[in-house]
2 protein chains.
Amino acid sequence: MSSPPVRPALRERYDRRQQEVVDQAARVFAQRGYHATSIDDLIEATGLTRGGLYHYIGSKQDLLFRIHEELLEPLLERAREILSADADPETHLRALVREWVAHVERHRDHMLVFDQERRTVEEEPRWAEVRRARKDFEDLLAGVLDRGRREGIFAMADPQLTLLALLGMVNYLPQWYTPRGRLDADGIAAGYCDALLDGIRVR
Amino acid sequence: MSSPPVRPALRERYDRRQQEVVDQAARVFAQRGYHATSIDDLIEATGLTRGGLYHYIGSKQDLLFRIHEELLEPLLERAREILSADADPETHLRALVREWVAHVERHRDHMLVFDQERRTVEEEPRWAEVRRARKDFEDLLAGVLDRGRREGIFAMADPQLTLLALLGMVNYLPQWYTPRGRLDADGIAAGYCDALLDGIRVR
DNA sequence: GAACTTAGACCGTTCGTTCGGTATAAGTTA
DNA sequence: TAACTTATACCGAACGAACGGTCTAAGTTC
């Protein structure tokens, strides 16, 4: 990767094209998988040549890193905003899940890559930042559940298991969600929250 | 891959070693990912040489196929057994989830590969059988939920979404389950079912 | 000695990456 | 504003390494 241009007039275009490369890469990685995607596949997807591509990226792995970065930071920020507002745990939970599902909807490709490469991310030290962001988000969710429990709004035999169930539900979303589906993000989020809060048993 | 030996005494050893190769492969694939695992990695894991390895397998992809096959067929069979017994929907559901979670526990590596290579499996026609088995299992679950709804035991605004929530919960399991954890398979299955059936809201 | 297993050198291919080059646009100077 | 300089954009051939897979011959077991 050549260093970004110094001339202001070019800097904007460079950033825009780099962004485009990352997004296209996310699309192809999501479809084919990161390792199964070759540089030639990326060439085809971006319309650049080998040399042109490497003008905008440092390496293939660098691309994977950017995808994760773009994905987690904004979500984490939004989650913190939501929790900083005064509200009861149920409201917080619903808002959090709604934002999260909407994020999945908007960045489905990124999310698929995120899921697929979970193990890659878990190994090397370079990914510590990404792991941390993921952990932080999960802690925020855990916090809401715990507050609900302390306030007597929620009750669960095993709060940790409940959190894992919720994580599973939403992390599975990118596998089946399609923009042309019957439900939109809000509908899915509401449905998930209803299921989690009230269950399905008739009383 | 050479054809299996004809003599019964050798056939057994051959099958046993082939099984061992598949299991070791599952372990390495689960850890590193299928594409990121090289033949040399498999050599190291199995203790065989290149020639020895290819004596027992047709190709790397063949290995992936066997892993899927081993995983889904027995689960599907057990699920059908469970459902063939007379019982109310809740009992069926709980038994199904218990068996499923136990299966994840026993074949965690296989399951991780299964999750990781979901996209590979979705594309090529060769994998139709695997896709079909997965679909069949999901249909069995859907059937139980639907029967519960028709009998007035369960109620959910969106049965399909409920199924997807359940699938997400359990499919996420291999990501965090460890045999040395606080909960065993039965505990996890029960916890999941409790959450799904009754929710967490205090009434 | 026939059936089976293993060894490891070797094959062609594809991989991610580099690099020297050229065309052009931006910025500078006169 | 014309001439000049330089930063940048992009290209594509070439690279060494690593890939999955094959092959033949030697070894082992029945």
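The structure displayed is predicted, hence computed values, not measured ones. In the text below, chain A, chain B and the rest are named by the order of the sequence lines, each starting its count at 1.
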**Study point:** Any B:His55 side-chain nitrogen or oxygen under 4.0 Å from OP1 or OP2 of C:dT5
**Key:**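 Checking C:dT5 against B:His55, a side-chain N or O does come within under 4.0 Å of OP1 or OP2.
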Point to revise | From C:dA9, C:dT17, C:dC15, nucleotide with atom closest to A:Ser59 side chain | key: C:dT17
Taking the side chain as every heavy atom from C-beta outward, state whether [X] and [Y] have any pair of such atoms under 4.5 Å apart.
{"X": "A:Asp62", "Y": "A:Arg126", "answer": "yes"}
{"X": "B:Leu145", "Y": "B:Phe154", "answer": "yes"}
{"X": "B:Arg134", "Y": "B:Trp127", "answer": "no"}

Exercise for review: Please list, in 5' to 3' order, the outermost nucleotides of DNA chain D lying under 4.0 Å from any heavy atom of chain A.
Suggested key: D:dT6 to D:dA14
Rounded to whole Å, how long is the line connecting atom [atom1] of [X] with atom [atom2] of [N]?
{"X": "B:Ile57", "N": "C:dT5", "atom1": "CD1", "atom2": "C1'", "result": "15 Å"}
{"X": "B:Ile43", "N": "C:dA7", "atom1": "CD1", "atom2": "P", "result": "10 Å"}
{"X": "B:Asp40", "N": "C:dG8", "atom1": "CG", "atom2": "C1'", "result": "11 Å"}
{"X": "B:Glu12", "N": "C:dT5", "atom1": "CD", "atom2": "C1'", "result": "17 Å"}
{"X": "B:Ile39", "N": "C:dA9", "atom1": "CD1", "atom2": "C1'", "result": "16 Å"}

At 4.0 Å (heavy atoms only), tell me whether [X] reaches a base, stays on the sugar-phosphate, or touches nothing.
{"X": "B:Arg13", "value": "sugar-phosphate"}
{"X": "B:Arg17", "value": "sugar-phosphate"}
{"X": "A:Pro8", "value": "sugar-phosphate"}

Check your understanding: If you find the nucleotide of DNA chain D closest to B:Tyr54 and the one closest to B:Leu10, which residue's nucleotide is nearer the 5' end?
Key -> B:Tyr54
Check your understanding: Which parts of residues 27-38 of chain B get close to DNA chain D, meaning a heavy atom less than 4.0 angstrom away?
Key -> B:Thr37, B:Ser38
**Study point:** Pair B:Arg118 + B:Glu122, salt bridge at N-O below 4.0 Å
**Key:** no
Exercise for review: Measure the CD1-CH2 distance between A:Ile188 and A:Trp100 for me, rounded to the nearest 0.5 Å.
Suggested key: 13.0 Å
Review point. Which sits closer to the 5' end of DNA chain C, B:Tyr56 or B:Arg7, going by the nucleotide each is nearest to?
Key: B:Arg7
Check your understanding: Which residue, B:Tyr14 or B:Arg50, contacts DNA chain C at a nucleotide closer to its 5' end, judged by nearest heavy atom?
Key ->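 Nearest-nucleotide comparison on DNA chain C picks B:Tyr14.
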Any side-chain donor-acceptor pair under 3.5 Å between [X] and [Y]?
{"X": "A:Asp15", "Y": "A:Gln19", "value": "no"}
{"X": "B:Gln116", "Y": "B:Tyr34", "value": "no"}
{"X": "A:His92", "Y": "A:Arg147", "value": "yes"}

Review point. Is it the case that B:Arg17 places NZ or CZ above or below the six-membered ring of B:Tyr56, under 6.0 angstrom from the centre and within 45 degrees of the axis?
Key: no
